[in-house]
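As a basis for the values below, the full set of heavy atoms in this structure was taken, side chains included, without hydrogen atoms, waters or symmetry mates.
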Amino acid sequence: SPIRRATLHAVGDRDDNISTSAKAALRQRLVGFDPLTGTSAGGHKVYLTIDAELNAAALDALNGRKGAVAVYNYRTGDVLCMVSSPTFDPADPPEIRDGDSRYDGVYLNRVLSSTFAPGSIFKLVTTAAALEQLDGTLDRHFTCTGRLELEGGTITCPYAHGEMDLYDALARSCNCAYAQLAVELGGDTLAQYAEKAGLTQGFSVSGISAAAGQFTVGQGADLGWSGVGQYDDLVNPCAFLRLLGSLAGGKTVGPRLVYQETTMHGIPLPGDGAPSLKAPFDADTCRVLRDMMRNNVQQTYGQGMFGSLAVCAKSGTAEAAPGQSPHAWFAGFVADEDLPLAFVVLVENGGGGADAVIVVVIVAAAEGVDVHFRVAALRFKAAFGDFFAFLFKDFFFAFAFFRCRTGFLGAVVFVVLVVKVKIPAFLFLVLEVAFVFRLFRPAFFFFRCLTRLFRLFFFQALFFLAAFLFFQLF
């Protein structure tokens with residue numbers, strides 16, 4: 001199933017080989033056991049935020065390549081897409097042998113558990129540091145000849161970019177200009193800004209740990225390359241996704257994977273919700289970064305890729321191991337309150353093509369612009385269904401106990417038959433009605449029984465419904 005393959009790393013596999021999947025990480029909340037009855041009890045139902053169709057579209061766009069795709073709503077925190085490739089169908093797991101490159105790292109959720117050289121997407125951090133620490137950065141002009149000689153090595157660009165300002169330097173992704181800024185800033189300052197951006201610290205998404213990146217302070221050419229996103233820089237895709245959400249402006253929150261947690265009977269439980277995000281840089285710095293990322297799309301990538309969507313983005317090409325093609329990044333967000341999405345795409349050893357992947361995903365999200373509300377409505381309906389199923393079942397339990405009030409053994413037998421033997425409780429209602437009418441002809445007695453039961457059911461329903469609505473709304 002394409003959907004099972006696409007959601008494998010977010011949901012989990014049968015044997016819990018993926019430690020950061022919801023199934024493995026939330027195991028204690030999902031499973032409970034009652035030693036008295038020998039039945040499952042105390043476990044919870046967990047509803048995830050991911051949209052299965054969006055995940056399937058992202059996996060299809062990767063087209064068999066290794067990589068990661070993540071999309072989240074920076075206003076609600078809902079992670080709508082969390083795809084890691086390679087993958088497999090958990091309902092039909094393959095036999096994976098050592099050295100089989102098709103499944104290299106298949107049990108690793110690349111969105112949460114991996115770190116990669118960021119390449120030019122790290123230039124957003126270097127830009128923020130330069131705007132806040134170097135006077136007149138926006139008024140400066142740079143001259144790129146294609147090479148910049150620094151102590152210990154040479155910084156190169158694919159070609160000479162010529163004269164440009166800071167906006168052009170980011171849009172053209174000029175290595176020489178950003179290496180010069182990195183040297184002027186110094187390694188300690190860049191390390192400080194990488195930490196402020198949340199790229200070198202560990203964090204969690206709905207209680208699931210994510211990997212921390214790293215920034216190594218170098219000198220000379222090494223420092224220049226680190227400002228470009230190379231040298232020993234490492235970034236976790238989800239950490240960068242969170243950074244992008246914080247740059248979007250307004251009240252933003254961090255990513256969450258758990259939408260709602262309920263008891264087995266559908267009663268909602270209070271949750272932590274999405275963590276609030278504080279912008280890592282000054283408000284003016286974030287505004288300039290948004291403008292520069294928007295300029296990237298309009299001047300370099302092409303607005304036509306995204307139709308009328310106000311996409312702000314930065315691409316990146318990160319050198320990989322010798323002899324391998326570089327990793328391709330495309331990261332950004334949609335500056336639109338109707339579609340407040342941040343996104344990160346990584347194609348391992350792809351050399352390019354990350355932008356094409358996110359176009360497919362963002363367009364799919366735009367076509368279902370109310371996807372969040374549609375999914376929320378379905379989950380709300382499912383929760384209500386569980387809630388009323390619980391009340392319906394509880395009604396029959398109350399009926400049985402009322403019927404067997406003079407005999408405790410009879411009530412125990414009923415519970416065992418319904419819970420353990422799985423005899424439908426509805427059958428007992430039919431038997432009860434037949435029994436009452438057979439022994440007690442007067443209809444008023446049966447009416448009195450139903451009246452008492454209705455009263456019990458009604459007040460209990462009001463209580464649970466009030467609690468249910470409270471947790472849904474607040």
Side-chain angles (χ1 to χ4, degrees), residues 58-59 61-63 65-72 81-85 105 108-128 157-158 169-175 178 194 197-200 210-211 213-215 225-247 255 289 292-297 300-302 305-306 311-321 324-334 341-362:
L59 182 63
L62 281 173
N63 194 27
R65 294 171 292 181
K66 297 176 184 176
V69 183
V71 180
Y72 99 107
C81 179
M82 182 183 284
V83 169
S84 182
S85 178
L108 196 67
N109 185 339
R110 284 161 164 78
V111 176
L112 291 175
S113 304
S114 295
T115 57
F116 303 88
S120 292
I121 63 171
F122 188 81
K123 289 173 182 172
L124 295 176
V125 178
T126 306
T127 302
C157 285
L170 186 66
R172 300 174 189 176
S173 205
C174 179
N175 293 339
Y178 273 89
L199 301 182
T200 57
Q214 73 174 36
F215 181 90
W225 280 118
S226 66
V228 173
Q230 291 292 159
Y231 187 41
D232 289 336
D233 295 1
L234 291 175
V235 165
N236 170 259
C238 194
F240 207 85
L241 182 72
R242 190 174 61 160
L243 169 62
L244 293 165
S246 69
L247 296 178
L289 286 174
M292 295 177 73
M293 294 172 71
R294 183 77 184 110
N295 179 68
N296 291 347
V297 174
T300 304
Y301 313 135
M305 295 172 59
F306 303 101
V311 173
C312 306
K314 180 71 185 84
S315 64
T317 303
E319 296 300 323
Q324 295 183 347
S325 299
H327 302 321
W329 289 85
F330 199 76
F333 57 89
V334 183
L341 302 180
F343 55 83
V344 167
V345 174
L346 166 73
V347 179
E348 288 184 43
N349 308 123
D355 53 349
V357 174
I358 201 58
V359 167
V360 172
V361 177
I362 291 299

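Taking the six-membered ring for Trp and the full ring otherwise, the centers of Tyr301 and Phe330 sit less than 6.0 Å from each other. Residues Phe215 and Tyr231 keep their aromatic ring centres 6.0 Å or farther apart.
One finds the OH atom of Tyr72 at 6.0 Å from the CG atom of Leu241 (value rounded to the nearest 0.5 Å). Rounded to the nearest 0.5 Å, atoms NZ (Lys123) and OG (Ser315) are 8.5 Å apart. Note that CG of Leu112 is 5.0 Å distant from SG of Cys238, once rounded to the nearest 0.5 Å. Of the inter-residue distances, the one linking Ser226 atom OG with Tyr178 atom OH reads 14.0 Å to the nearest 0.5 angstrom.
Nearest heavy-atom pair, Ala117 versus Ala318, reported as atom, atom and distance to 0.1 Å: O-CB, 3.0 Å. Counting all heavy atoms, side chain and backbone alike, Asp232 lies closest to Gln214 at O-NE2, 2.9 Å. Nearest approach of Gly198 to Ala239, heavy atoms of both residues: O-CB, 3.9 Å. Closest non-hydrogen pair, Leu244 versus Phe343, comes out as CD1-O, 3.3 Å. Contact between Val125 and Ala197 at its shortest, heavy atoms only, is CG2-CB, 4.2 Å. Heavy-atom minimum distance, Phe122 versus Gly229: CB-CA, 3.7 Å.
Using a distance-only test at 3.5 Å, with no hydrogens or angles considered, a donor-acceptor pair links the side chain of His327 to the main chain of Asn349. A donor-acceptor distance shorter than 3.5 angstrom exists from the side chain of Asn236 to the backbone of Val111, with no hydrogens or angles considered. Within the 3.5 Å criterion, the main-chain N or O of Leu170 finds no donor-acceptor partner in the side chain of Ser173. Between the side chain of Gln230 and the main chain of Glu319, a donor-acceptor pair closer than 3.5 Å is present. Checked by atom type and distance alone, the side chain of Ser84 pairs as donor or acceptor with a backbone atom of Arg110 at under 3.5 Å. Side-chain N or O atoms of Arg242 include none that pairs as donor or acceptor with a backbone N or O of Pro255 at under 3.5 Å.
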Subject >> Full working for side chain to side chain contact (heavy atoms under 4.5 Å, CB included) between Val311 and Phe333 >> reply: CA-CA 6 Å; Val311 173; Phe333 57 89; over 6 Å; no

**OP:** Quick one: do Asn109 and Met82 satisfy side chain to side chain contact (heavy atoms under 4.5 Å, CB included)? Show the steps, please.
**Re:** CA-CA 9 Å; Asn109 185 339; Met82 182 183 284; 3.5 Å; yes

**OP:** Assess whether side chain to side chain contact (heavy atoms under 4.5 Å, CB included) is satisfied between Ser85 and Leu59, documenting all intermediate values.
**Re:** CA-CA 8 Å; Ser85 178; Leu59 182 63; 4.3 Å; yes

**OP:** Kindly indicate, with the supporting measurements, whether the criterion side chain to side chain contact (heavy atoms under 4.5 Å, CB included) is fulfilled by Val71 and Ile358.
**Re:** CA-CA 9 Å; Val71 180; Ile358 201 58; 4.3 Å; yes

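Counting only heavy atoms from C-beta outward, the side chains of Phe240 and Pro118 never approach each other to under 4.5 Å. A 4.5 Å side-chain heavy-atom check between Val334 and Phe306 finds every atom pair outside the cut-off. At a threshold of 4.5 Å between non-hydrogen side-chain atoms, the residues Leu124 and Met292 do not count as touching.
Between the side chains of Lys314 and Ser120, no donor-acceptor pair of N or O atoms lies under 3.5 Å.
With Val345 as reference, Val69 is the one residue of Val69, Val360, Val359 to meet the side chain to side chain contact (heavy atoms under 4.5 Å, CB included) rule.
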